[in-house]
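Following: one structure in structure tokens, then a few remarks.
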Number of protein chains: 2
Amino acid sequence: MAKARHSRFDCSPGCAVEAAISLIDGKWKCVILFHLLSGTMRFNELRRAAGTVTQRMLTNQLRELEEDGLITRKVYAQVPPKVEYSLSELGHSMAPILKSLKDWGDANLDRFGRPEPIERLAAE
Amino acid sequence: MAKARHSRFDCSPGCAVEAAISLIDGKWKCVILFHLLSGTMRFNELRRAAGTVTQRMLTNQLRELEEDGLITRKVYAQVPPKVEYSLSELGHSMAPILKSLKDWGDANLDRFGRPEPIERLAAE
DNA sequence: CAGTATCCGTTGCGATACTG
DNA sequence: CAGTATCGCAACGGATACTG
């Protein structure tokens, strides 16, 4: 539990930056965090919100976020099971990062891989 | 050239966030970007600044950043070779992201994997 | 509902050696 | 100096099946 999963930082300048992203790397983590900014969510809610994440990966990422103390997992002892995820205080402190990521993304979405709409437009 | 390296975003909410980190994921990219905020740097300068990155990885990450239009590579036709890397305008636009990462890291460095000094303190 | 377990191909990435 | 080439292992991560 909480084994040193993150690579050791050798604290050169830029260390802080490296440390920060090491917590949110992995394709899904910041997406999860971002969604949790809006409030508590259940497992399958997150699953849908994240788009195409697999069950295994979502579980995995949630566990790591929990280990790192960014999110809180609350299990209700009932059937069917109910588990709620929410941001810890530390998690909330990342809001500025998430926000700047979102802002940049919004401003530049059309610049790189603009995802084309699923339906083919009139072409052909 | 610029093949679709990044996974396709299916533009659910949070898509922008996903898009943004997809450009800076990989342990070294944001460290590189961060250092380039201070100005132009040469290959081996970056190598030293980044800490423990290998030659292969640095080259690799630099190429991807270049493909994504975040940095500019300037080669001087001379011997010995001299190559300078600097942020493009798009790269500079990520400054807020880098800054928020740095701020968070600075504020929370002591909370997670605080890298212990190499020399063992008095213990034993 | 919210997971865990297993299989298995793909990618990441360090080590090492070579080059214009 | 600033790379490229090749090897090889380890981690990532999807698909699928099973469970309390």
Side-chain angles (χ1 to χ4, degrees), chain A residues 1-10 18 21-32 35-36 40-68 71-86, chain B residues 1 3-10 12 18 21-32 35-36 40-68 71-86:
Chain A
M1 59 298 280
K3 45 163 188 284
R5 179 166 41 76
H6 305 297
S7 53
R8 236 73 193 95
F9 321 109
D10 50 356
E18 187 177 351
I21 34 105
S22 79
L23 294 183
I24 59 171
D25 74 357
K27 227 168 41 184
W28 305 107
K29 288 194 189 177
C30 51
V31 177
I32 293 171
H35 284 296
L36 288 181
T40 294
M41 294 180 79
R42 296 179 59 175
F43 187 83
N44 278 348
E45 272 186 285
L46 278 168
R47 195 140 118 88
R48 276 182 291 271
T52 59
V53 68
T54 61
Q55 215 169 25
R56 201 179 78 94
M57 278 314 295
L58 182 55
T59 303
N60 185 333
Q61 304 278 286
L62 285 169
R63 290 293 180 278
E64 292 193 3
L65 288 170
E66 194 188 355
E67 268 181 32
D68 291 333
I71 65 173
T72 304
R73 180 166 175 266
K74 175 159 191 188
V75 183
Y76 293 83
Q78 64 181 46
V79 178
K82 173 176 172 180
V83 181
E84 285 184 344
Y85 293 92
S86 53
Chain B
M1 58 295 278
K3 48 174 190 285
R5 178 166 43 74
H6 305 300
S7 53
R8 236 73 194 92
F9 321 111
D10 50 356
S12 50
E18 187 178 351
I21 34 105
S22 79
L23 295 183
I24 59 171
D25 74 357
K27 227 170 39 185
W28 306 107
K29 288 194 189 176
C30 52
V31 177
I32 293 171
H35 283 295
L36 288 181
T40 294
M41 294 181 79
R42 297 181 58 175
F43 188 83
N44 277 348
E45 272 186 285
L46 278 169
R47 195 141 117 89
R48 276 182 291 272
T52 59
V53 68
T54 61
Q55 216 169 24
R56 202 181 77 92
M57 278 314 295
L58 182 55
T59 304
N60 185 334
Q61 304 278 287
L62 286 169
R63 290 294 180 277
E64 293 194 2
L65 288 170
E66 195 188 356
E67 267 181 33
D68 290 334
I71 65 173
T72 303
R73 179 166 176 267
K74 176 161 188 184
V75 182
Y76 293 83
Q78 65 180 46
V79 178
K82 173 177 175 182
V83 181
E84 285 183 344
Y85 293 93
S86 52

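So you know, we letter chains A, B, ... as the sequences are listed, proteins then strands, and number each from 1.
Across the interface with DNA chain D, nearest-nucleotide mapping of A:Gln61 and B:Lys82 shows B:Lys82 to be the residue nearer the 5′ end.
The closest side-chain heavy-atom distance from A:Leu36 to A:Leu46 is below 4.5 Å. Side-chain contact between A:Lys29 and A:Asp68: present, with at least one pair of heavy atoms (C-beta onward) separated by less than 4.5 Å.
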Check: side-chain contact (heavy atoms from CB on, under 4.5 Å) between B:Trp28 and B:Thr52: does it pass, once the steps are laid out?
Finding: CA-CA 10 Å; B:Trp28 306 107; B:Thr52 59; 3.4 Å; yes

Item checked: B:Val53 vs B:Val31, side-chain contact (heavy atoms from CB on, under 4.5 Å): CA-CA, chis, key distance, verdict -> CA-CA 10 Å; B:Val53 68; B:Val31 177; over 6 Å; no

Next item on the list: Evaluate side-chain contact (heavy atoms from CB on, under 4.5 Å) for A:Ile32 paired with A:Leu58, printing each intermediate quantity in order.
Entry: CA-CA 9 Å; A:Ile32 293 171; A:Leu58 182 55; 3.7 Å; yes

Identify each atom pair where a protein N or O and an N or O of nucleotides 14-20 of chain C are less than 3.5 Å apart, giving names and distance.
from   : atom 1 : to      : atom 2 : distance (Å)
C:dG14 : OP2    : B:Thr54 : OG1    : 3.1
C:dG14 : N7     : B:Arg56 : NE     : 3.3
C:dG14 : O6     : B:Arg56 : NE     : 3.1
C:dG14 : O6     : B:Arg56 : NH2    : 3.4

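Dashed line: the shortest gap from a side-chain N or O of B:Arg47 to OP1 or OP2 of D:dA2 is not under 4.0 Å. A close approach under 4.0 Å does occur between a side-chain nitrogen or oxygen of A:Tyr85 and OP1 or OP2 of C:dG3.
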Margin query: As a check on the pairing definition, encode DNA chain D in dot-bracket form, counting Watson-Crick and G-U wobble pairs whose two distances are under 3.5 Å, and using | for partners outside this strand.
Written below: ||||||||||||||||||||

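If you measure from atom CG of A:Leu58 to atom P of D:dG14, you get 11 Å, rounded to the nearest angstrom. Regarding B:Lys29, its NZ atom lies at a distance of 12 Å from the C1' atom of C:dG12, rounded to whole Å. The nearest whole Å value for the distance from the CD atom in A:Glu66 to the P atom in C:dA2 is 15 Å. Atoms CG (A:Leu46) and P (C:dC1) sit 14 Å apart, rounded to a whole Å. Computed from coordinates, the A:Arg63 CZ to C:dA2 P distance equals 12 Å when rounded to whole Å. The separation between B:Gln78 atom CD and D:dC1 atom P is 12 Å, rounded to whole Å. Atom CZ in B:Arg73 sits about 8 Å away from atom C1' in D:dA2, given to the nearest Å. In this structure, A:Asn60 places its CG atom 18 Å from P of C:dA2, rounding to the nearest Å.
The salt bridge (charged side-chain N to carboxylate O under 4.0 Å, His left out) search around B:Glu66 returns none, not counting sequence neighbours.
Residue B:Lys74 places its NZ atom among 12 or fewer non-hydrogen atoms of other residues, nucleotides or ligands, all under 6.0 Å distant.
Looking at every heavy atom in both residues, B:Glu84 comes nearest to B:Lys82 through OE2-CE, 3.5 Å.
The distance from the CD1 atom of A:Ile24 to the CD atom of A:Gln61 is 11.5 Å, given to the nearest 0.5 Å.
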